[in-house]
Asks: 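This is the structure I want to talk about, given as structure tokens.
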Protein chains: 2
Amino acid sequence: MLFSKACIYGIRATFYVSLYQGKREFIPINEISDALGISFHFLTKILQKLTRNSIMISYRGPKGGITLARAPEDISILEIIKAIDGEESLNSCILGLPGCGTERPCPLHDEWGPKRDALYQIFANTTLKNINEKFLIENFRISWKDNGGSTH
Amino acid sequence: MLFSKACIYGIRATFYVSLYQGKREFIPINEISDALGISFHFLTKILQKLTRNSIMISYRGPKGGITLARAPEDISILEIIKAIDGEESLNSCILGLPGCGTERPCPLHDEWGPKRDALYQIFANTTLKNINEKFLIENFRISWKDNGGSTH
DNA sequence: GATATTTAAGACAAATTTGTCTTAAATATG
DNA sequence: CATATTTAAGACAAATTTGTCTTAAATATC
């Protein structure tokens, strides 16, 4: 399990919001938690991490909710991961040894290091716009429910 | 964090034992926990999972301890991972969606899937003998202590 | 056989993650 | 201004993971 549940929830919720970018204003969190089958209060706390990290903007009251703080092409998956699971989750030793690297590798560094760095780059370079585009051509889903959140 | 702490401890302990394969009989668990800085009782419970899965053999009493159940070339890293973290830890969806695959992918399946499968194959094909050989030519370490467990 | 050593097993505790609930604050609407 | 809606915040609880402790069982050695 590479990501925590909180991180998974945060990513899925962000994808959901991103799908409506430019079409609707603020998306209420209860709509997201219903659509994705996530506890409302738990999701609220997770999304607060994203608003504190300027990935989302929230607005209180009727017609309130959350929305992306920037254009989808300016938000990477990596930003979400870092905001929730932290910087270390995608750049540290697979055996947890501090200082593991090419000069002082752990026995699995040659195997994990390149894959980890490639994943880091992929998540750094994949934006919400990329995800949105893929939704248009593939039958993606972000919920265990059939096609939860997808508009087609 | 791809592996649980228990899994990390199990892998490191197995590497330690493997380094002595053919040179010593049973290695006492307290020696391992001391060398690697792992709680003795916690490590004992983890290693019991490995003995139950026929990866290690244990022996009680004076001169007792644990040793590999098979030759190092017949034990893969993947076996250890499966025994401790379970089968799903290296073959499931990064967003935790059941049934995620090429026919019903999650939005990150194209990114994670190939890397995950490659890691699976790497761990399936990397044996303790491979790790032992690498120890001979590189300054590996399996402890935060300087060169913990290495014999040179 | 007595003793010391070592793993096995399970109860228990601490820490972390996950999830729930209540109250407060902000805001749109009538 | 009153009310309903919605996020913010924090207390609290449940679940899981991690770590500790005690007792039992096995075994080598004297």
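Throughout, a chain's letter reflects where its sequence line sits, starting with A, and its residues are numbered from 1.
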Asks: Do B/Cys7 and B/Ile11 have side-chain heavy atoms sitting under 4.5 Å apart?
Replies: yes

Asks: Just the rounded figure in Å: distance from P of C/dA8 to CG of B/Leu47.
Replies: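 Nearest whole value for this atom pair: 8 Å.
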
Asks: Separation of A/Met1 atom CE from D/dT17 atom P, in whole Å?
Replies: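 One finds 9 Å between P of D/dT17 and CE of A/Met1, rounded.
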
Asks: Under 4.0 Å between any heavy atoms, over every strand shown, what does B/Phe26 touch: base, sugar-phosphate, or nothing? Just pick one.
Replies: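 Nothing, no heavy atom under 4.0 Å.
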
Asks: Checking side-chain contact (heavy atoms from CB on, under 4.5 Å) for the pair A/Phe26/A/Ile57: CA distance, chi angles, key distance, verdict?
Replies: CA-CA 9 Å; A/Phe26 294 96; A/Ile57 291 173; 4.0 Å; yes

Asks: Determine: side-chain N/O of A/Tyr9 to OP1/OP2 of C/dG19, distance under 4.0 Å, yes or no.
Replies: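 Checking A/Tyr9 against C/dG19: at least one side-chain N or O falls below 4.0 Å of OP1 or OP2.
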
Asks: Separation of A/Lys5 atom NZ from C/dT18 atom C1', in whole Å?
Replies: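 The answer, rounded to whole Å, is 7 Å.
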
Asks: Between D/dT17 atom P and B/Ile8 atom CD1, what is the distance in whole Å?
Replies: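 So the two atoms are 14 Å apart, to the nearest Å.
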
Asks: Once ring pair (Phe, Tyr, Trp, His ring centres under 6.0 Å) is applied, what residue pairs with a partner in residues 79-107 of chain B remain, sequence neighbours excluded?
Replies: none

Asks: Remember a base hit wins even if backbone is also touched, and classify B/Ile29 as base, sugar-phosphate or nothing at under 4.0 Å, heavy atoms.
Replies: sugar-phosphate

Asks: Closest approach of A/Leu95 and A/Cys106, non-hydrogen atoms and distance?
Replies: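 That would be CD1-SG, 4.0 Å.
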
Asks: C/dA8, C/dT7, C/dT18: which one has an atom nearest the side-chain heavy atoms of B/Phe40?
Replies: C/dT7

Asks: Please give, in whole Å, the distance from D/dA8 C1' to A/Ile66 CD1?
Replies: 13 Å

Asks: Could you list all N or O pairs between the protein and nucleotides 11-16 of chain D that sit under 3.5 Å apart?
Replies:
none

Asks: Just how far, in rounded Å, is P of D/dA9 from CZ of A/Arg52?
Replies: 6 Å

Asks: Using distance alone, with no hydrogens and no angle criterion, decide if B/Tyr20 and B/Glu25 have a side-chain donor and acceptor under 3.5 Å apart.
Replies: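 Looking only at side-chain atoms, B/Glu25 and B/Tyr20 do not form any donor-acceptor pair under 3.5 Å.
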
Asks: For B/Lys134, does the NZ atom have more than 12 heavy-atom neighbours from other residues, nucleotides or ligands under 6.0 Å away?
Replies: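 It does: B/Lys134 NZ has more than 12 such atoms within range.
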
Asks: Please determine whether salt bridge (charged side-chain N to carboxylate O under 4.0 Å, His left out) holds for the pair A/Glu31 and A/Arg24, giving the CA-CA distance in whole Å, both sets of side-chain angles, and the decisive distance to 0.1 Å.
Replies: CA-CA 13 Å; A/Glu31 174 185 332; A/Arg24 295 170 60 190; 2.7 Å; yes

Asks: Taking only the side-chain nitrogens and oxygens of B/Ser39, find out if one of them lies under 4.0 Å from OP1 or OP2 of D/dT20.
Replies: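 Answer is yes, contact under 4.0 Å.
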
Asks: Under the ring pair (Phe, Tyr, Trp, His ring centres under 6.0 Å) definition, can you give me all pairs with a residue in residues 35-56 of chain B, not counting sequence neighbours?
Replies: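 For residues 35-56 of chain B: B/Tyr9-B/Phe42.
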
Asks: Measure from the side chain of A/Gln48, starting at C-beta and using heavy atoms only, and say which of D/dT20, D/dA8, D/dT18 lies closest.
Replies: D/dA8

Asks: Just do the side-chain contact (heavy atoms from CB on, under 4.5 Å) check on B/Leu50 and B/Ile84 with the steps written out, would you?
Replies: CA-CA 8 Å; B/Leu50 298 184; B/Ile84 299 172; 4.0 Å; yes

Asks: B/Ile32 has an atom CD1; how far is it from atom C1' of C/dT6, in whole Å?
Replies: 12 Å

Asks: Considering only C/dT18, D/dT7, D/dT22, which nucleotide approaches the side chain of A/Ser58 most closely?
Replies: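 Shortest atom-to-atom distance from the side chain points to D/dT7.
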
Asks: Taking for each residue the nucleotide of DNA chain C bearing the nearest heavy atom, is the 5' side occupied by A/Phe3 or by B/Ile27?
Replies: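 Its nearest nucleotide being more 5', the pick is B/Ile27.
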
Asks: Which label fits A/Phe135 and A/Phe15: parallel for a plane angle under 30°, tilted from 30 to 60°, or perpendicular past 60°?
Replies: perpendicular

Asks: Regarding B/Asn130 and B/Thr127, do their side chains bring together a donor and an acceptor under 3.5 Å, going by distance alone?
Replies: yes

Asks: Hey, could you give me each pair passing salt bridge (Lys or Arg N to Asp or Glu O under 4.0 Å) that has a residue in residues 80-93 of chain A? Not counting sequence neighbours.
Replies: A/Lys82-A/Glu87

Asks: All N/O contacts under 3.5 Å from nucleotides 28-30 of chain D to the protein, with atom names and distances to one decimal?
Replies:
from: D/dA28; atom 1: OP1; to: B/Tyr59; atom 2: OH; distance (Å): 2.1
from: D/dT29; atom 1: OP1; to: B/Lys63; atom 2: NZ; distance (Å): 2.6

Asks: Tell me: CD1 of B/Ile46 to C1' of D/dT20, nearest whole Å?
Replies: 13 Å

Asks: State the dot-bracket string of DNA chain D. Criteria: Watson-Crick or G-U wobble, both atom distances under 3.5 angstrom; notation: ( ) intrastrand, [ ] crossing earlier pairs, | interstrand, . unpaired.
Replies: ||||||||||||||||||||||||||||||

